[in-house]
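Report on the following structure.
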Amino acid sequence: MLSVATLVIGLLATVIAYVAVQTREKQLIETQFTFDASQRLRAIERNVEANLAVLESISAFYGSSEVVERDEFAGFAKAMLKDRPTIHAVEFAPRVDAAGRELHEQTTQAEGFDGYVIRELAEDGSTIPAGERDVYFPVNFIEPMPANEAALGLDMLNEPTRGEALKSAVQNGTIVGTAPIQLVQKNTWAFLAFVPVYHKSPDPPTDDPDATPDIRTLADAQGVVLCVIPYETLVADTLGDRMGGGIALAITDQSPTGDDVKVYSAAPAGEDTASDALSHRSRIIVAGRRWLISFISTNRYVDRHRTLAPLGSLVIGSLVTLLFTGLMWTTAGRTSLIEAIVEQRTHELKETNDALEREITTRNELESELINKTNEFQQVFDSAPSMIWYKAKDGRFLMVNRAAANAAGRTVREMIGKTDHDIYPRYADQYIADDREVMATAESKLGIEEPHLVSGGGRRWVRTDKVPFVEDEEVIGIIIVASDITDRVEAEQALRKADERLNLALRSSGVGTWDRHIAEDRIVWDDYMPPLFGLEPGEFDGTQDGLLALIHPDDRQRAADEITVALREDIEYESEYRVVWPDKSVHVLTSRGRVYRDGVGQPVRMTGVCFDVTDTKLAEQALRESEHRFRQLAENISEVFWITDAEAKRILYISPAYETVWGRPTQTLYDDSRAWIDSIHADDRQRVADAFKNDAARGRYDQEYRVVRPDESVRWVRDRGFPVKDEAGQVVRIAGIAHDITDRKRAAEVLAKQAERLVQTNAELKRSNEELDAFAYIASHDLKEPLRGLSHYASFLVEDYGDQLEGDGKQYIASLTRLCNRMESLIDSLLYYSRVGRTELAVEPTDLSTTVDDVLERVRPSLDERGVEVRVPRPLPTVKCDAARIGEVFANLITNASKYNDKDEKWVEVGFKSPDERGDLGPDAPRLNDGAIVFYVRDNGVGIPADRRDKVFEMFRRLHGRDKFGGGTGAGLTIVQKIVRRHGGDIWIDSTEGNGTTFYFTLEPA
Amino acid sequence: MSSSETILLVEDSPDDALATQRAFKKAGLANPIRHCTDGDQALDYLFRRGEFTDAEANPLPGLILLDLNLPGTNGVEVLAQIKQDDTLSKIPVIVLTTSSDERDINDCYTNGANSYVVKPVDFPGFLEAIQRLTDFWFEIVVLPKGE
């Protein structure tokens, strides 16, 4: 009986244990599922927030700029969208009212968007030009533009879904999302989120006196910034590789009106959700929209998490019970029926043995199956991407999955039985402290973000969940699951750094904020305020009097009045005043703010910002002074100073001198810049217009042209222009100067005419000289022939009839012959003179010492005959000349000098003076070239009277009687002068009558 | 050159021609002198053209006295044509002229003149010049044989 009872109790206990273990396992799986779902939910929430923060940033960017240009928007948005694949596009839609629509469209077209018009959605989902409305919010800036062009110009206001969210965003000043929409650009569900950009100083809402100050109207908005987020992208971006994991996900947008739209639903590929699937639902608020997010497990999820523990306990429990019962049975039987069964004992024992053997075989089979199942479990356990540890209470690892072992660079087997100190010495204390806390409190500790060293991978960040393992209300161990979140942590760190930078920028921008509590007469400053007043934090006492005391005495009353007026009259507060710092320096501050009132219009608070504008003020003042100086200059010079815009379409400035030169009022030019080109002489107009177009922006415009005044008179103008560039090198202006060059032009014309006449005269002179030379040559020949005949016949007469002639007759014939000879020498001189003029000079460097030696040798007989001493004090230099001709010059001058001398001791000196030793060269000395060498031939002869000095060079001019001083043709000096002049030199005389003569002439050095 | 050989005098001035012939006589030269008054006539004589086709009556000269200043074809051109002809080029040509211009002198020597003499104005000087020339060309120089 005992054994029966044992069997019954044992089997009962086994069944109970099986049920208990199975229930426990189901609970564990459910916990795990809830945990997994929460993790996904959190990730989605976080990602949405991070993406919507982009909108805030862009809105803040607008808030900090006066005007945001397309390029600036694109640049900023691009930077913000980096690493934000969730956002399909960021756009800016300005507020455009009906009156401004045409200008808006033209402006955008001019920016390169041909055919741009404000559009709206048609019923079939295509876009058509928008109908007439009071106001539009057309999408104007888009980043990225490619793939999103379809949205350009689309009016956000007049489509109900978008319009509703847009209005709400503008009125509340917050980010507001739309109900789900089908994207124009992409055939998928998405939502748009709007954030308003207000005008810098919104007009007080006078048209709507009932509106509270916090409610803004569409008129207050400069535009809206919006982003497009497709739900599908959001999920894909958020969950990425973790998307499946046996969990299906659905997002439903729950409209306040009850219209639910399932905007996203996806299950892992090839997995079904069972009817008894686990599910988890959560609601989150995204940009004012309510989302229901459902997670449903798939079969695979449950399969993956189920263990063999329940089956194991059933099998093992049953076996143990059977064995135990069998033993009991045998023992009891022997006690009561010992004799009866003696004979059967061997048989029974044998049977029992057989049964036992069978049972043992069965048990072995079951054990090996159990081992197989355990391996399977370890495999499933190992396939989890997260690291999982199961630690005993004393901290030893009981189970570790492969991910954890791999990360530690160990095998699973190596890790079992070890502790954190063995495996993770660096962070063991921290890990163990958390473990102890969890085990002590028996409460899970989730989402611990901590460092984790990975073998070969350095330090990673993990998100760790620690769950106490409780059995019979006693903690027996701890389960730890950790997943790698390094990427996210690093992204957050980067974001934090960006925040710090922004903060730093705010601080360095020096903008402080203040908050005035009217009732308490208390002013609260933030940390950036005191430095604006030169104070340390805490030095300001927070009272109105304290504030006024800091303000410059001259501005104090006005500043106080301005605050009073703002409080009383409900206008935007803006005040500019000087403050005196403790160090006595004066700074200019601008303070702006607005007043908040209670229901009956009493001011409650006034808040605003304050910043230092000293530099701006100084710059403005400097600019004013500079402008003043410029105007003074420009308005008083006789030149016409002009400035146009970069395209030269508009005259920005023209100085008053324009009226003098052009004879037209400057206003005509301001009215229409084409008046300038019209004023140009028709013959010059095209040339000047082309030159201006091509050259002005490059700084090469420089033209002379005629201007026809209204009275038909013509002025010549020289006009130059050059570009004025900004810091980026863009041409922003073209400036220039034009001045009246009529007088110069006329002078130049006269000069040109004179020069032309001079050239003609020169040519005539040259021709006439040549003719003269040719004439002299021909005449000489032709003169000689009859002369020769005359002479010959005189000879024939003497030869043939000499004996018949009387004394006088013979004498006459002798005279005839002599005259003929003389005539011949005159003609020869003339001939030679003409030859000197006609033939080319053979100019080369010539040592004149040699030349003069040759000359002296040639004329030596006549010098000796006359008893003349020739002195050459120092060797003569080398010059560039025709040696033979200059030899003739020296020969002529030396002969002349020796000839006209009546002294007893006659001498002739031949020498030179280099440029630095010229000294006194006589009254007739001309202006000399710097390098010219002066040669001289000096004698102590008869000299030349002053009034005849200029005659000596005349042809055939003789100063002395024909036979005095040896006679001559009187052509020698003329020829000498011609030779010297042909060398580019000068020749002149210095002489005192009776006291010698010096002939000077110049030659260029070699 | 023998005293029987003809001398060709090309001279447009009858006065100079007279003086030249007188000078030859005074110098004791018995050679027959043929006188042409312009360049074209001289060329006709030398190339036996026109009235000078009879070789017997118009023998080639042993010496040519050539004035440069001629009407029509001038002296330098006559000289050039003489010196370009194989036969005539062997006859010595003495340029006898008024010009002492270097260019004229150069032109003549370039074109093959054998001598260049400037006519002196006075007859004694002229005579002396002729005398020296004839001394040189008739007594000293051995000329290549004619045909």
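What you see is a predicted model, and the numbers here were worked out from it, not measured in a lab. Atoms considered below: every heavy atom in the structure, side chains included; atoms not considered: hydrogens, waters and symmetry mates. In what follows, chains carry the letters A, B, and so on, assigned in the order in which the sequence lines appear, proteins first and then strands, with residues in each chain numbered from 1.
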Least distance between heavy atoms, H792(A) atom then P120(B) atom: NE2-O, 3.7 Å
For the student: nearest non-hydrogen atoms of F123(B) and S791(A), plus distance: N-OG, 4.0 Å
Minimum side-chain heavy-atom gap E799(A)-K26(B) below 4.5 Å: yes
Side chains of N69(B) and K784(A) in contact at under 4.5 Å (non-hydrogen atoms): no
Just wondering, more than 12 heavy atoms not from [X] lying within 6.0 Å of its [atom1]?
X: Q760(A); atom1: CD; answer: yes
X: Y109(B); atom1: OH; answer: yes
X: D86(B); atom1: CG; answer: no
X: Y812(A); atom1: OH; answer: no
X: R981(A); atom1: CZ; answer: no

Residues K119(B) and E785(A) bridged, charged N to O under 4.0 Å: no
Carboxylate-amine/guanidinium contact D15(B) R788(A), below 4.0 Å: no
Residue pairs fulfilling salt bridge (Lys or Arg N to Asp or Glu O under 4.0 Å) with at least one residue in residues 842-853 of chain A, sequence neighbours excluded: none
Chain A contact via D122(B) - side chain, backbone, both or neither, heavy atoms under 4.5 Å: both
Chain A contact via D67(B) - side chain, backbone, both or neither, heavy atoms under 4.5 Å: neither
Listed partners of N114(B) passing side chain to side chain donor-acceptor pair (under 3.5 Å), at least two apart: K83(B)
Contact class of Y793(A) relative to chain B, heavy atoms under 4.5 angstrom: side chain
